[in-house]
Amino acid sequence: MMKISLILFLTITLISQGHTGSLSCKGRCGEPYDSSNDCHCDSHCQQHEDCCNDFKNQCGRRALASVSDAEIKSLSETLYKLDHNRATASELVIDPQTLISSSETSSRDDHSSHPLFKQVSSTLLSKPTYKALLNLLDNYKRMTGEVEDVPSQEEQEQDTFLQQAMNTDVGKELYNFLHSKGIYSSQSEFIQDLKMMWFGLYSRSSGKLDSSGFEHIFAGEIKGGKVSGFHNWLQFYLNEKQGLLNYYSHSFNGPWTSYPDVLGMQFEWDGYFKEVGSAFIGSSPEFDLAIYSLCYITRPGKKCYVSLGGQTLGIQTYTWDNSSYGDGKKYIASAYPATP
């Protein structure tokens, strides 16, 4: 009887230490592939369809220790080169005018007598991803605290924008990289997650579903009597053209001599001031979406360093921590080029 008890004890011990452990990803996320394991928790297990059942719960969609800083810089360089829909010098002409110091950004002085945008080609704006983005920008109530309604037509516009972006070389390259890392198992899973992280609604004021990452970053909001977010050049151009936005100055002009460039701008948006609103200038919509998504997925809530045309740029992202979707995934709170 004692022998039987001892055997049972040893068997249970071995199971708990070995076999059962190999069926779970607890403590194993990102480990090297080992063919002796019954299931796996390495960065390629989703691609090979041999993950343990609790891979997503234990390691999360963003089991990203395997994505190095060097890989982010390499991929961002590739995305930069693949941005075939970026503006050319003949399609986009800007007039940055006065450069001010960072100590002057709160002065609210209008140092520029002319608009920032001198010329934007209609050919550029007619490209599929540009048209898809423009269709989205008028869907939002800019005041926080006002509930955002999303009728079926607007949801379809979201789907169209994401699908058009994923149809580009930029979108395909980003997905292929994330898929190779085992972060997404299919493009449909990736697009659905982009839709949730960018367009999922959450509350910035009074508990009302009044905001999303897309609204904050691409369209801009008003909170506490100030402009909040607003990091997209097409939205800037549209509002300036309509007489709703007055460009004051810029406190940062990136080192790029072709598009996309980066500006840190001061402006008034229909009576509300933005002390520093940084944005890519002349980038395609899919490029903005890809760079911000890359940094948010791989370095959420941190400064992420990308390389564009041989120049390093920091992208700051923030997570929305007050609510979540799916199995605890975080919405995007903000993302923008970090300027001095």
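Values reported hereafter were calculated over all heavy atoms of this structure, with side chains retained and with hydrogens, waters and symmetry mates removed. Along the sequence shown, residues carry numbers from 1. Not measured: the values here are computed from a predicted model.
- The closest side-chain heavy-atom distance from Lys172 to Glu286 is not below 4.5 Å.
- Of all the heavy atoms in Ala333 and His216, the pair that sits closest is O-CD2, 3.2 Å.
- Separation of the Phe190 and His179 ring centroids does not fall under the 6.0 Å cut-off.
- With values rounded to the nearest 0.5 angstrom, Ile94 atom CD1 is found 6.5 Å from Asp261 atom CG.
- Taking all atoms of both residues into account, the shortest heavy-atom contact from Ser68 to Arg299 is C-NH2, 3.5 Å.
- For the atom pair CD (Gln153) and OG1 (Thr160), the distance works out to 10.0 Å, reported to the nearest 0.5 Å.
- The cluster map of Ile, Leu, Val, Met, Phe, Trp and Tyr, joined by side-chain heavy atoms under 4.5 Å apart, puts Tyr296 and Leu201 in different clusters.
- Of all heavy-atom pairs between Ser36 and Asp34, the closest is OG-OD1, 2.7 Å.
- Using a distance-only test at 3.5 Å, with no hydrogens or angles considered, a donor-acceptor pair links the side chain of Ser203 to the main chain of Lys208.
- The cluster map of Ile, Leu, Val, Met, Phe, Trp and Tyr, joined by side-chain heavy atoms under 4.5 Å apart, puts Tyr80 and Leu124 in the same cluster.
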How far apart are the C-alpha atoms of Tyr272 and Met143, what are their side-chain angles, what is the distance that settles it, and do they pass the side chain to side chain contact (heavy atoms under 4.5 Å, CB included) test? CA-CA 11 Å; Tyr272 299 93; Met143 291 290 180; 3.1 Å; yes
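- Counting only heavy atoms from C-beta outward, the side chains of Val170 and Leu289 never approach each other to under 4.5 Å.
- Ring geometry for Phe161 versus Phe218: interplanar angle over 60°, hence perpendicular rather than tilted (30 to 60°).
- Not a single donor-acceptor pair under 3.5 Å links the side chain of Tyr259 to the backbone N or O of Ser284.
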Using distance only, find each side-chain donor-acceptor pair of residues 236-245 under 3.5 Å and give its atom names and separation, not counting sequence neighbours.
{"from": "Asn239", "atom 1": "OD1", "to": "Trp269", "atom 2": "NE1", "distance (Å)": "3.0"}
{"from": "Asn239", "atom 1": "ND2", "to": "Gln235", "atom 2": "O", "distance (Å)": "2.9"}
{"from": "Asn239", "atom 1": "ND2", "to": "Gln235", "atom 2": "OE1", "distance (Å)": "3.3"}
{"from": "Glu240", "atom 1": "OE1", "to": "Leu116", "atom 2": "N", "distance (Å)": "3.4"}
{"from": "Glu240", "atom 1": "OE1", "to": "Phe117", "atom 2": "N", "distance (Å)": "3.0"}
{"from": "Glu240", "atom 1": "OE2", "to": "Leu116", "atom 2": "N", "distance (Å)": "2.8"}

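- With 3.5 Å as the limit, one finds a donor-acceptor pair spanning the side chains of Glu221 and Ser211.
- Aromatic ring pairs are classed by plane angle as parallel below 30°, tilted from 30° to 60° and perpendicular above 60°; the pair Trp198 and Tyr292 is tilted.
- Between Ser76 and the options Leu174, Leu313, Val306, a side-chain contact (heavy atoms from CB on, under 4.5 Å) holds for only Val306.
- The shortest distance between side-chain heavy atoms of Phe230 and Tyr336 does not fall below 4.5 Å.
- Transitive grouping of hydrophobic side chains (ILVMFWY, heavy atoms separated by less than 4.5 Å) keeps Trp320 and Tyr318 in distinct clusters.
- A donor-acceptor pair is defined here as one N or O able to donate and one able to accept, closer than 3.5 Å; such a pair exists between the side chain of Lys274 and the backbone of Gly229.
- In this structure, Ile297 is a member of the same hydrophobic cluster as Ile191, with clusters built from ILVMFWY side-chain heavy atoms closer than 4.5 Å.
- Using a 4.0 Å cut-off between a side-chain N of Lys or Arg and a carboxylate O of Asp or Glu, Lys141 and Asp210 do not qualify as a salt bridge.
- No hydrogens or angles considered: nothing links the side chains of Arg142 and Tyr140 as a donor-acceptor pair under 3.5 Å.
- The structure places OG of Ser112 at 4.5 Å from OH of Tyr247, a figure rounded to the nearest 0.5 Å.
- In this structure Glu173 satisfies the side-chain contact (heavy atoms from CB on, under 4.5 Å) test together with Leu75, Thr78, Leu79, Leu82, sequence neighbours excluded.
- A donor-acceptor pair under 3.5 Å is absent between the side-chain atoms of Lys195 and the main chain of Leu162, judged by distance alone.
- You'll find the side chain of Val276 reaches within 4.5 Å of the side chain of Ser251, heavy atoms only.
- Between Phe273 and Tyr248, the angle of the ring planes lies from 30° to 60°, which puts this pair in the tilted group.
- Listed here is the closest heavy atom pair of Ser323 and Tyr202: OG-CB, 3.5 Å.
- Thr98 places a side-chain N or O within donor-acceptor distance of the main-chain N or O of His111, the cut-off being under 3.5 Å.
- Using cut-offs of 30° and 60° for the angle between ring planes, the Tyr325 and Tyr331 rings count as tilted.
- Ile100 and Leu263 sit in two unconnected hydrophobic clusters of ILVMFWY residues. Membership requires side-chain heavy atoms under 4.5 Å apart, directly or through other members.
- Of the possible polar contacts, one joining the Glu77 side chain to the Gly310 backbone as a donor-acceptor pair under 3.5 Å is found.
- Ser180 places a side-chain N or O within donor-acceptor distance of the main-chain N or O of Phe177, the cut-off being under 3.5 Å.
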Give the intermediate values and the outcome of side chain to side chain contact (heavy atoms under 4.5 Å, CB included) for residues Thr317 and Ile332. CA-CA 8 Å; Thr317 71; Ile332 293 177; over 6 Å; no
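- Between Leu194 and Tyr175, the closest side-chain pair of non-hydrogen atoms is not below 4.5 Å.
- Contact check for Asn139 versus Phe214: no side-chain heavy atoms found under the 4.5 Å cut-off.
- The backbone N or O of Ser113 sits less than 3.5 Å from a side-chain atom of Gln97, completing a donor-acceptor pair.
- Of the possible polar contacts, none joining the Ser283 side chain to the Asp288 backbone as a donor-acceptor pair under 3.5 Å is found.
- Two residues are said to be in side-chain contact when any heavy atoms from C-beta on lie closer than 4.5 Å; Val262 and Trp256 meet this criterion.
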Steps toward side chain to side chain contact (heavy atoms under 4.5 Å, CB included) verdict (Asp50, Asn37): CA-CA 10 Å; Asp50 57 7; Asn37 288 332; over 6 Å; no
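- The two residues Ser278 and Pro337 come nearest to each other via the heavy atoms OG-O, 2.7 Å.
- For the pair Lys330 and Asp321, the minimum side-chain heavy-atom distance is below 4.5 Å.
- Considering every non-hydrogen atom in both Ala279 and His231, the closest pair reads CB-O, 3.4 Å.
- A distance of 5.0 Å separates CG of Asn85 from OG1 of Thr129, quoted to the nearest 0.5 Å.
- Within the structure, disulfide bond (SG atoms under 2.5 Å apart) pairs that include any residue of residues 249-339 comprise Cys295-Cys304 (at least two apart or interchain).
- A donor atom on one side chain and an acceptor atom on the other are found under 3.5 Å apart for Ser101 and Glu104.
- We find that Glu275 and Lys226 are not joined by a salt bridge, their nearest charged nitrogen and carboxylate oxygen being 4.0 Å or further apart.
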I'd like to know whether Asp83 forms a side chain to side chain contact (heavy atoms under 4.5 Å, CB included) with Phe280, so could you lay out the CA-CA distance, the side-chain angles of the two residues, the decisive distance to 0.1 Å, and finally the verdict. CA-CA 13 Å; Asp83 189 17; Phe280 289 107; over 6 Å; no
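- Considering CG of Asp159 and CD of Gln164, their distance stands at 11.5 Å, rounded to 0.5 Å.
- Side chains of Glu91 and Thr88: a donor on one and an acceptor on the other come within 3.5 Å.
- The OG1 atom of Thr319 sits 11.0 Å away from atom NZ of Lys302, with the distance rounded to the nearest 0.5 Å.
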